[in-house]
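All residue numbers in this chain count up from 1 along the given sequence.
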Amino acid sequence: MVALASALDLAVGTSRCANLHGDLARRFAHGRNLEDEEFEQLTRMRLEIESGEPPVLRLLDVICHYELLRALGDQRRPPRIPLWRRVLAPWLSQLHYTQHLAPAKPG
C-alpha cells in the first residue's frame with residue numbers, strides 16, 4: 001500500500017506542486033501596502049497564471065466545504081451525494097449537479 005501511494009505521489013508530483021505554490025506565494029507581496037499600479041500588475045500576473053489552471057471541480061469543492069463545516073463543529077447534515085458522484089468528483093466538475101447543493105441556512 002505504501003509503495004502504491006509513493007508511486008502515485010511520484011506520478012502526480014505533489015512535492016513539485018508544493019514548491020510551485022511556495023514560489024508563487026513569494027512572488028506576490030503578502031502583507032504590504034501596494035500602489036495602484038503595482039496592484040494592477042500583480043493582478044494581471046495572477047490572472048495570467050490562473051488562465052493556465054484546470055477548471056474548478058465544483059462537486060469536490062462542495063464536498064470539501066461540508067467536511068470543513070463538520071470539522072468546525074457544524075451539526076447540520078450535509079446533502080446526500082450518490083457514491084458514484086463522490087467517486088467521480090476529483091475528475092469531473094459536475095457543475096449542474098452542484099447548483100442545487102447550496103449550504104443550508106443555520107437552523
| remark: CD1 of I63 to CG of L68, rounded to nearest 0.5 Å, is 14.0 Å
Same apolar cluster: [X] and [Y], side chain cutoff 4.5 Å:
X	Y	answer
Y97	V62	yes
L59	Y66	yes
V87	L60	no
I81	L69	yes

By side chain to side chain donor-acceptor pair (under 3.5 Å), which residues pair with [X], not counting sequence neighbours?
X	value
E50	R46
D61	none
R86	none

| Under the 3.5 angstrom rule, does the side chain of E38 hit a backbone N or O of D36 as a donor-acceptor pair? | no
| task | Any pair with a residue in residues 64-74 that passes salt bridge (Lys or Arg N to Asp or Glu O under 4.0 Å), sequence neighbours left out, goes on the list, sorted by first then second residue, please. | result | D74-R76
| note | side-chain contact (heavy atoms from CB on, under 4.5 Å) filter on E40, not counting sequence neighbours, yields R44
| query | Residues in side-chain contact (heavy atoms from CB on, under 4.5 Å) with W91, at least two apart? | reply | none
